[in-house]
Amino acid sequence: MNQERKGLNTICTHVGEVEDKQFKGATSPLFMSSSYAFQDVDVKRYPRYFNTPNQEALCKKVAALEHVEAGLIFGSGMAAISTSLMAFLKAGDHIVLQNALYGGTFNLVREEFEKFGIEYSFTEGLRPEDFEAKIKDNTKVLYIETPSNPLLRITDLKAITALSKKYSLISMIDNTFASPVNQNPADFGIDIVIHSATKYMGGHSDICAGAVASTEEYIERIFQLAKNFGGSLSDQTVWLLERSMKTMGLRVKAQNKNAQRLAEYLDKHNDISAVYYPGLASHPDHALAKSQMLGFGGMLSFELNEAIDASLFQKSLRLIKPSMSLAGVESTVISPTQTSHALMSADERDRQGIRDGLIRFSVGIEEPEDLIADIEQAIQKIKVQATITTH
Ligand SMILES: *Cc1c(COP(=O)(O)O)cnc(C)c1O
C-alpha cells in the first residue's frame with residue numbers, strides 16, 4: 001500500500017513535521033491560534049475541527065506509525081475510545097468486548113451504554129470461540145485489548161479479523177500496552193487502532209492524550225462525531241506529544257529489553273511465585289505473541305509469595321515508584337487488587353487470576369541492574385522485619 005514507508009525511528013523523528021519556512025528551525029513551529037482567516041482559504045481551521053497545523057502534523061505521524069491512511073488526536077485515551085465506539089454504534093446495536101479490559105473502558109460501557117440503548121456482552125475468555133459465542137444478529141463491533149491488563153494475555157489478531165469479516169463487523173483494538181513500536185494491528189486486518197497517548201506515545205508521565213488510526217473512510221466517520229463531541233487536544237500539548245514521539249522507538253525498545261531482563265530475573269526468584277510476561281517461553285501465549293508482536297513490551301506482572309506483603313513491598317522500594325499510571329521512562333509498580341480491580345468482588349478477581357500478591361510492573365529505561373537491586377533490597381528488608389517480629 002505504502003511504497004515509501006520509512007523505518008520506525010525515521011517516522012518517529014520526521015513524518016508529519018511542520019516546516020519552519022520563516023526561520024528554518026529544526027522543530028515544528030507551534031501554532032496556537034484558535035482563529036484562522038475565513039475568506040481566502042479553502043480549509044476552515046479550528047482546534048475543535050481537529051485540523052490546526054500541529055494537529056494535522058501529528059495525525060500524519062500516528063497514521064504512518066500504524067501503517068494506515070489517517071489518524072486523529074484526542075484530549076485523552078478515553079475521548080479516543082468513546083468517540084470511536086459511538087461512531088460505529090447506535091441504539092439497538094450490540095458490541096462484543098473482551099473480558100479483560102482497561103478499567104475506564106469497562107466503566108464507559110457499564111455506566112453509559114444502557115442510556116444510549118446500546119447492548120453489550122463481555123467474553124468469558126480471549127479465545128476466538130469466546131468472541132464468536134457472544135456474536136448476535138445486531139452485533140456491530142468487536143473490541144479487543146492485547147496484551148491485556150494486568151496479566152498480559154494475548155488476543156489473536158488474525159482470528160479477530162476473520163470473525164469480523166465473517167459477520168461483517170468493525171474490529172477495534174486498544175493498542176496502548178503494545179504501542180505502535182511493538183504491534184501494528186492494521187497489518188493483521190484490524191479496522192480501528194486506538195491508543196492512550198498518555199502512555200508510551202507521551203512516555204514521560206506529563207501528557208494526557210489519545211489517538212486513533214484507520215482508513216480515511218473510517219477516520220472521517222469518527223471525525224464527524226468527534227467535532228460534535230469536542231474532545232480535541234490543545235495545540236500546546238499536541239506539540240509536546242510530537243516532541244515526545246520522536247524518541248518513542250528508542251524508549252520503547254529500551255523498555256522491551258529491560259522488561260525481558262527483569263522478567264527472567266523475577267522468574268528465577270524464590271520469593272516470586274509467578275511472572276506474567278509474553279516474552280517468557282513459559283507464558284501461555286508466548287507463541288501467539290511472537291507471531292503478531294514486534295517486541296514483547298515494557299509491561300509485566302508478578303506474584304509475590306504469601307510471606308511478602310504487597311503493600312509493604314511497594315513501600316519498601318526506593319527507586320521504583322508505586323504509581324497509578326504506566327509507560328513512562330521511569331519504572332513504576334501498582335497492586336491491581338488495591339487499585340484498578342479494587343471494586344471487583346474477591347471471587348471475580350480470583351476467577352480472573354488476580355491475586356492479592358500480584359504486582360503490575362511498568363518497566364522504565366533505567367539500568368536493569370539498578371531495578372533488580374531495588375527489588376532485591378525491598379524483599380530482603382521485608383524478610384528481615386518478618387524475622388524480627390517473629391522472634
Ligand atoms: C490509560 C489507558 C487508557 C485511557 O487513557 P487516558 O489517556 O487515561 O484517557 C485506555 N486504555 C489503556 C490500555 C490504558 O492504559
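Counting starts at 1 for both ligands and their atoms, following the listed order. Computation of the quantities below employed the complete heavy-atom set of this structure, encompassing side-chain atoms and omitting hydrogens, waters and symmetry-equivalent molecules. Computed from a predicted model, the values in this text were never measured in an experiment.
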*Where ligand 1 meets Thr198 - atom numbers and elements under 4.0 angstrom, heavy-atom basis*: 6 (P), 7 (O)
*Does Asp174, backbone or side chain, put an N or O under 3.5 Å from an N or O of ligand 1?*
yes
_Tell me whether Glu145 contacts the main-chain N or O of Tyr102 through its side chain, where contact means a donor paired with an acceptor under 3.5 Å._
yes
*Are Glu17 and Lys61 within salt-bridge range, i.e. N to O under 4.0 Å?*
no
*Do NZ/NE/NH1/NH2 and the carboxylate oxygens of Arg261 and Glu264 come within less than 4.0 Å?*
no
_Geometric N/O contact Lys199 with ligand 1, under 3.5 angstrom_ = yes
*asked:* I'd like to check which ligand 1 atoms, numbered from 1 as shown, lie under 4.0 Å from a non-hydrogen atom of Ser76.
replied: 7 (O), 9 (O)
*Any idea which protein heavy atom is nearest atom 4 (C) of ligand 1, and the distance to it?*
Tyr102 CE2, 3.3 Å
*Do any nitrogen or oxygen atoms of Cys208 come within less than 3.5 Å of a nitrogen or oxygen of ligand 1?*
no
_Under a 3.5 Å cutoff, is there a donor and acceptor pairing between the side chains of Gln314 and Ser311?_
no
*Do the side chain of Asp267 and the main chain of Val275 share a donor and acceptor less than 3.5 angstrom apart?*
no
*asked:* To check your reading of the model: name the closest protein heavy atom to atom 5 (O) of ligand 1, its residue, and the distance in Å.
replied: Ser196 OG, 2.9 Å
*For ligand 1, which atoms sit closer than 4.0 Å to a heavy atom of Ala209?*
7 (O)
*Of the side chain and backbone of Ile81, name the one, both, or neither that has a heavy atom under 4.0 Å from an atom of ligand 1.*
side chain
*For atom 6 (P) of ligand 1, what is the nearest protein heavy atom, given as residue, atom name and distance?*
Gly77 N, 3.4 Å
_Ring geometry between His286 and Phe296 (parallel below 30°, tilted from 30 to 60°, perpendicular above 60°)_ = tilted
_Give me the residue, atom name and distance of the protein heavy atom closest to atom 9 (O) of ligand 1._
Met78 N, 2.8 Å
*Salt bridge check: are Arg355 and Asp350 linked by an N-O gap of less than 4.0 Å?*
yes
*If only atom types and distance count, is the side chain of Asp93 paired as donor or acceptor with the main-chain N or O of Lys140 below 3.5 Å?*
no
